[in-house]
Protein chains: 2
Amino acid sequence: MRMTNRPVSIQDIAKVAGVSHSTVSRALRDSPLISLEVRQRIQRLAQEMGYTPNQVAQSLKERRTNTVGVVITSISDPFLARVVLGIEEVAQAAGIQVLLSISDNDPQREIQLIDSFHRRRVDGVISSTARIDETHLRRLVKMGIPTVLINQAVPGDAPLVRAVQVDDYASAMQAVRYLLSLGHRAIGYLGAGNRPRSNWLRLSGYRDALRMAGVSANESWIRVAPAEHRYYAEDVADGQAMLEALLPTGITAVFCYNDTVAVGALLACHQLGIAVPEQLSIVGFDDVELAQYVTPPLTTVHQPKLRLGRRAMEMLLELVEEKPVQNEVLPTDLVVRRSTAPAPKTAPAMERRPREER
Amino acid sequence: MRMTNRPVSIQDIAKVAGVSHSTVSRALRDSPLISLEVRQRIQRLAQEMGYTPNQVAQSLKERRTNTVGVVITSISDPFLARVVLGIEEVAQAAGIQVLLSISDNDPQREIQLIDSFHRRRVDGVISSTARIDETHLRRLVKMGIPTVLINQAVPGDAPLVRAVQVDDYASAMQAVRYLLSLGHRAIGYLGAGNRPRSNWLRLSGYRDALRMAGVSANESWIRVAPAEHRYYAEDVADGQAMLEALLPTGITAVFCYNDTVAVGALLACHQLGIAVPEQLSIVGFDDVELAQYVTPPLTTVHQPKLRLGRRAMEMLLELVEEKPVQNEVLPTDLVVRRSTAPAPKTAPAMERRPREER
DNA sequence: TGCGGGGGTGCAAACATGTGCATTATAGCG
DNA sequence: CGCTATAATGCACATGTTTGCACCCCCGCA
């Protein structure tokens, strides 16, 4: 029946108990300096009065907030959702709070977010935004905020910045080699220009796999969605449009930047009456849940999304504790489902037959 | 070239400028009490020294943290992802930070999270967890924390608790009536027991729609996944299993608790060789992105997910400002895609034909 | 010259907590 | 009986910021 709605402080308890606030503070932390009797009385009192320690005061004193800032480009991207889940899991276990912020790939906003994190004195930052530029990183470094990057390039000279990654280049290469092993030669690439780094790495893996197999490069097989596209939801539409534009080149398979683009491609095939995988094989990247549920289920490169998130958080905690920590590269797997098949004997999938009406 | 890595405070600036820290504080907030000359000099100095105000100290003083806690059951649920996006959007615009926590539908953990929010002195809480029980709410109320619930029941006696909702009952009714209008009579229901309230409401809408159409109730048409299932990802498997169990009852259509369950049902049909919508019509709920991308695209009840999130945050802000705020119900739409068709003339979809090999 | 007033600045308290040090009381021992 | 060691508690300061109030200085006016 308190009249004021101000939460109770140790001062309030001290007044009731007839001791000083220091005694209460010590009693609540079970300090042996306080006699057992008083300790128990105060603890009971705190319980009764509904005391909850004020973490902002503690943070001010301890110079540590037990929070980390997490920047992601989109929360609708199922890849990032899994990563965040991994981060959250470790964070909760360690008693630290996640400040989640969404940047929509807007550099302007990213700067604001980083400033906001600094004002709030987060203990560290995890970034899984696609194109953090050097400027932001320098900002973070200058502020002395430990930072872990997920699937991003790590600058050489930054002492408190680490990264967990996946080998985009090698993974792409493995995927394309699998298509080659199925007899495909005319293989397309559908990229995402708004993730410059990973797109470039996957594209390079694709190119080198072809080159090493003796397939002469054909630039018209390669499409990359414009970098201005900022929202995750655009990936599907991009995939559709790019696949349609790619068809006349006579490809028998496509390797896609990610599963979402691949789903777009698949959708275009459905609409154009192209049979997957009989006429066209499709390979994605990420292995998001959706990949299993489309028809046919997607062959794709599995990324250990939960582990990426978990390790990022673990590394960040170690960084905060000033332990030495190394950059890490986690392994991927090619998971073969039903969207890929041996290359058709006949000429490429150019003849469009109208889809049977239902 | 600071040696210490402690961020600069107004004290530090004061020392350099040869004034008191109060003067610096006022100067930085552009107080007319300070002479223009000094004000500008200090502002320039602050800039040079890389000063960033310490928000935790401010929070302590102002008794306001500009943070809100958000509890959701799962981040992988695309419905919640959109809701969170709406929340974030409004929050960022208002300069407040979102503390995101995931409960995995674990009551134990939810209590911990609410305590953690209280310790951190969040200004308010938004909950979109499926089965917050009275206990938690009482806790929040007793702490005097303004709270907005999304798609949850709002207790009558709680002054600082409001809700934004969708009319589950009416929406379900509308969906089932649509199926009835297509000539379906044997209509199944696939539910989710781990969302007791909304599941019950949707089930009731389903029941009443049938009853009002003069279709005699058949309890064997109704399946509800066990309440113990805690993870979002289980929805798909539940949908698959339940549909398979339902088939022998001779239904020609199913209304599903949400799109994810519906996708499970769809998947089961693909595997069992049942043509959708020719042999079986499927209706989902939520209208998540995925609903458009499966084949055939799902007919579903559209929930205004972004708006739910936005309004929740807006209402919370008003609540914090001690303005009067009303509970709200947002409208839904039935969006008809290609997973529904008139009821087949022939007997129900019982004859399973093997799926053609590919 | 003395006084009032106003512009400009500093002091100190407050927010809630933690902790080194001083202080008090008590008991034990020479 | 007095001194010292020890147990138990309070004082005061620190964290970084905001703000009411007091203060100082100078100018103008009587």
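Throughout, a chain's letter reflects where its sequence line sits, starting with A, and its residues are numbered from 1.
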Enquirer: Donor-acceptor pair under 3.5 Å: do we get one between B:Ser59's side chain and the base of C:dC15?
Expert: no
Enquirer: Whole angstroms only, please: what is the CZ-P distance between A:Arg63 and C:dG18?
Expert: 16 Å
Enquirer: Without decimals, in angstroms, what is the distance between B:Ile13 CD1 and D:dG16 P?
Expert: 12 Å
Enquirer: For residues 42-53 of chain B, which side-chain donor-acceptor pairs fall under 3.5 Å, sequence neighbours excluded?
Expert:
unit_1: B:Gln43; atom_1: NE2; unit_2: B:Ala27; atom_2: O; d: 3.0
unit_1: B:Gln43; atom_1: NE2; unit_2: B:Asp30; atom_2: OD1; d: 3.1
unit_1: B:Thr52; atom_1: OG1; unit_2: A:His118; atom_2: NE2; d: 3.3

Enquirer: Hydrogens and angles aside, do B:Arg109 and A:Gln92 bring a side-chain donor and acceptor to less than 3.5 Å of each other?
Expert: yes
Enquirer: For A:Glu62, report the nucleic acid contact type (base, sugar-phosphate, nothing); a contact means any heavy atom under 4.0 Å.
Expert: sugar-phosphate
Enquirer: Quick check: on DNA chain D, is the nucleotide nearest B:Lys61 upstream (toward 5') of the one nearest A:Thr23, or the reverse? Name the residue that is more 5'.
Expert: A:Thr23
Enquirer: Nearest whole angstrom, please: distance from the C1' of D:dA14 to the CG of B:Asn54.
Expert: 14 Å
Enquirer: Which one, C:dA16, D:dG10, D:dT18, comes nearest to the side chain of B:Ile10?
Expert: D:dT18
Enquirer: Rounded to whole angstroms, how far apart are CD on A:Gln55 and P on C:dG18?
Expert: 11 Å
Enquirer: Out of the candidates A:Val56, A:Thr65, A:Asn66, A:Asn54, only one should pair with B:Arg120 under the side-chain contact (heavy atoms from CB on, under 4.5 Å) rule; please name it.
Expert: A:Asn66
Enquirer: Is the backbone N or O of B:Lys61 less than 3.5 Å from a side-chain atom of B:Arg64, with the two atoms forming a donor-acceptor pair by type?
Expert: no
Enquirer: Of the listed nucleotides (C:dA14, C:dG18, D:dC11), which one gets closest to any side-chain atom of A:Arg29?
Expert: C:dG18
Enquirer: Please walk me through it: do A:Ser20 and A:Thr23 pass side chain to side chain donor-acceptor pair (under 3.5 Å)?
Expert: CA-CA 5 Å; A:Ser20 76; A:Thr23 302; 3.3 Å; yes
Enquirer: Taking atom types as modelled and ignoring hydrogens, do the side chains of A:Thr67 and A:Gln97 form a donor-acceptor contact shorter than 3.5 angstrom?
Expert: no
Enquirer: With hydrogens left out and only the distance checked, is there a donor-acceptor pair under 3.5 Å joining B:Arg26's side chain and the base of C:dG8?
Expert: no
Enquirer: Strictly below 4.0 Å, heavy-atom distances to any atom of DNA chain D: list the hits from residues 30-41 of chain A, or just say none.
Expert: A:Leu33, A:Ile34, A:Ser35, A:Val38
Enquirer: Between the base of D:dC11 and the side chain of A:Ser20, is there any donor-acceptor pair under 3.5 Å?
Expert: no
Enquirer: Looking only at side chains, do A:Gln152 and A:Ser127 share a donor and an acceptor under 3.5 Å apart?
Expert: yes
Enquirer: Output the rounded distance in Å from CG (A:Leu60) to P (D:dC13).
Expert: 18 Å
Enquirer: For B:Gly18 and for B:Arg121, find the nucleotide of DNA chain C with the closest heavy atom, then tell me which residue's nucleotide is more 5'.
Expert: B:Gly18
Enquirer: Output yes when at least one side-chain N/O atom of B:Gln58 is less than 4.0 Å from OP1 or OP2 of D:dT18, else no.
Expert: yes
Enquirer: Would you indicate what A:Ser9 reaches in the nucleic acid, counting non-hydrogen atoms under 4.0 angstrom: base, sugar-phosphate, or nothing?
Expert: sugar-phosphate
Enquirer: Nearest-Å distance, CG (B:Asn66) to C1' (D:dT17)?
Expert: 14 Å
Enquirer: Send over the distance from A:His21 NE2 to D:dG10 P, rounded to a whole Å.
Expert: 11 Å
Enquirer: The side chain of A:Arg6 lies closest to which of these nucleotides: D:dC13, C:dA16, D:dT17?
Expert: C:dA16
Enquirer: Separation of A:Arg120 atom CZ from D:dT17 atom P, in whole Å?
Expert: 15 Å
Enquirer: A:Glu89 and salt bridge (charged side-chain N to carboxylate O under 4.0 Å, His left out): which partner among A:Arg82, A:Arg310, A:Arg307?
Expert: A:Arg310
